[in-house]
Amino acid sequence: MHRPLPVRGIPLRALAPNAVTALALCSGLTGIRFAIGGEWERAVLMVLLAGVLDGIDGRVARILRGESRFGAELDSLSDAISFGVSPALIMYLWALLNEPRVGWIVSLIYAVFTALRLARFNARIDVVDQPHKSAGFLTGIPAPAGAGLAMLPLYAWIWSGEEIFRSPWIVAPWVAFVAFLMVSSLATFSWSSLKLRRNIRFEVIVALVVVAAALVSAPWQTLTMVCVAYLVTLPFSIRSYGRIKRQREAAATRT
């Protein structure tokens, strides 16, 4: 009679990336807590910290070889809350509360669209035929970038003090527009699609150092400029993917 094999526990290398993901989730939820107390700068910083942790957990998993299906599902749930629910509630409590009907509808749209984007990503994760992914592009803007863009009026309000940026009739259309960008089929740049020439690598390092220094000395102005710069890249990413698509179609017709 064979004895059943003992069930092994989860290795530590699989727990480490999940712990980082859980920290990202805690950070996003803490942003809501600060928003309820009217501490807008801290609320934004918590969401941004969640974005940093979200970028780290996958790399930690790959380095430690701790990838798991559980970790992938936890990451999606964390993203839905940290970059969907949290920014939606922060923007609602900050500006949209004065127009509760329209404001709540827009907040729901943003949170639901974030979840739909993540669901679409998970549903297609094992699909072989993904034109955008195979070319090194993303479909729509990712959830962390969407959260950062959605809070752009809040950045501008913090450093300028201009109440116009807090107007519900400016914030509501902007948040809805960012939600549309997340679920759109637009091809957007990913890290794998950005390839640097060897002769400009030093200049890029210098630019990154300048941006890091600007974030320390003038964080809100810098975040505003980063958001604007990201928006400027969208037409270029669409054009770049269009060129690759035409090249593929031409190669297909030749064969």
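Here the structure is a predicted model, which is why all the values come from computation and not from measurement. All values below were derived from every heavy atom in this structure, side-chain atoms included, with hydrogens, water molecules and symmetry-related copies excluded.
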| Leu29 and Leu89: same hydrophobic cluster, using ILVMFWY side-chain contacts below 4.5 Å? | yes
| said: So Leu223 and Leu152, do their side chains get closer than 4.5 Å, heavy atoms only? | reply: no
| said: Within this structure, what is the CD1-CG distance for the pair Ile141 and Leu231, rounded to the nearest 0.5 Å? | reply: 8.0 Å
| field | Verify same cluster id: Leu154, Val228 (apolar side-chain graph, 4.5 Å) | value | no
| At what distance, to the nearest 0.5 angstrom, does CD1 of Ile90 lie from CD1 of Ile36? | 10.0 Å
| task | With sequence neighbours excluded, tell me which residues meet ring-ring contact (aromatic ring centres under 6.0 Å, His included) with Trp174. | result | Phe177
| So how far is it from Met46 CE to Ser86 OG, rounded to the nearest 0.5 Å? | 10.0 Å
| field | Flag, side chain of Thr253 to backbone of Ala250, donor-acceptor distance under 3.5 Å | value | yes
| task | Test side-chain contact (heavy atoms from CB on, under 4.5 Å) on Phe165 and Val171 and set out the steps. | result | CA-CA 7 Å; Phe165 293 114; Val171 175; over 6 Å; no
| Can you tell if the side chain of Thr188 reaches within under 4.5 Å of the side chain of Phe137, non-hydrogen atoms only? | no
| field | Name of the residue among Leu149, Val178, Val232, Thr222 meeting side-chain contact (heavy atoms from CB on, under 4.5 Å) with Cys227 | value | Leu149
| Of the non-hydrogen atoms in Met182 and Ala143, which two are nearest, and what is the gap between them? | SD-CA, 3.9 Å
| request: Might you point out which heavy atoms bring Gly28 and Ser82 nearest each other, and give the distance in Å? | output: CA-OG, 3.8 Å
| task | Answer whether the closest heavy-atom distance between the side chains of Phe189 and Leu138 falls below 4.5 Å. | result | no
| field | Value rounded to 0.5 Å, distance of CG in Asn122 from CZ in Arg117 | value | 10.5 Å
| task | Taking the side chain as every heavy atom from C-beta outward, state whether Trp104 and Leu96 have any pair of such atoms under 4.5 Å apart. | result | no
| message | With a 6.0 Å cut-off on the ring centroids, do Trp94 and Trp157 count as close? | response | yes
| message | Contact between Leu181 and Leu234 at the side-chain level, heavy atoms closer than 4.5 Å - yes or no? | response | yes
| field | Residue Phe180 excluded, over 12 heavy atoms near CZ under 6.0 Å | value | no
| query | If two hydrophobic side chains count as joined below 4.5 Å and joins carry through other members, does Leu93 share a cluster with Tyr155? | reply | yes
Quick one: side chains of residues 105-114, donor-acceptor pairs under 3.5 Å with protein atoms, not counting sequence neighbours, listed by atom name and distance.
| residue | atom | partner | partner atom | Å |
| --- | --- | --- | --- | --- |
| Ser107 | OG | Ala88 | O | 3.4 |
| Ser107 | OG | Gly103 | O | 2.9 |
| Tyr110 | OH | Phe83 | O | 3.1 |
| Tyr110 | OH | Gly146 | O | 3.3 |
| Tyr110 | OH | Ala147 | N | 3.2 |
| Thr114 | OG1 | Tyr110 | O | 2.8 |

| task | Verify, without hydrogens or angle tests, whether Ser240 (side chain) and Phe236 (backbone) share a donor-acceptor contact under 3.5 angstrom. | result | no
| said: Under a 3.5 Å distance rule, please check whether Thr21 uses its side chain to pair with a backbone N or O of Leu74 as donor and acceptor. | reply: no
| said: Are Leu49 and Met151 linked, directly or through intermediate hydrophobic residues, by side-chain heavy-atom contacts shorter than 4.5 Å (ILVMFWY only)? | reply: no
| request: Carefully, step by step, assess Thr224 and Trp159 under the rule side-chain contact (heavy atoms from CB on, under 4.5 Å). | output: CA-CA 9 Å; Thr224 302; Trp159 66 261; 3.1 Å; yes
| Are Val211 and Tyr230 connected in the hydrophobic side-chain network, where two residues link if heavy atoms are under 4.5 Å apart? | yes
| message | Please find the pair of heavy atoms, one from Ser76 and one from Leu118, that lie closest to each other, and give the distance. | response | O-CD1, 3.5 Å
| field | Stepwise side-chain contact (heavy atoms from CB on, under 4.5 Å) test for Val44 and Trp220 | value | CA-CA 10 Å; Val44 171; Trp220 306 112; 3.6 Å; yes
| query | Roughly how far, to the nearest 0.5 Å, is OG of Ser167 from CD of Glu99? | reply | 8.5 Å
| field | Closest approach of Ala35 to Ala43 (non-hydrogen atoms, all atoms of both residues) | value | N-CB, 3.8 Å
| field | Test item: Phe121 and Thr139 side chains (from C-beta on) under 4.5 Å apart, heavy atoms | value | no
| note | Closest non-hydrogen contact found for Pro173 with Pro168 is CD-O, 3.8 Å
| To the nearest 0.5 Å, how far apart are CG in Leu25 and CG in Asp54? | 11.0 Å
| message | Please evaluate residues Trp169 and Val102 with respect to the criterion side-chain contact (heavy atoms from CB on, under 4.5 Å), reporting the C-alpha separation (whole Å), side-chain torsions for both, the decisive distance (0.1 Å), and the verdict. | response | CA-CA 9 Å; Trp169 304 112; Val102 175; 4.3 Å; yes
| Main-chain N/O of Gly140 paired to Ser184 side chain as donor or acceptor, under 3.5 Å | no
| query | Does Arg59 use its side chain to pair, donor to acceptor, with the backbone of Gly55 at less than 3.5 Å? | reply | yes
| request: Check whether any side-chain heavy atom of Arg33 lies under 4.5 Å from a side-chain heavy atom of Glu39, and answer yes or no. | output: yes
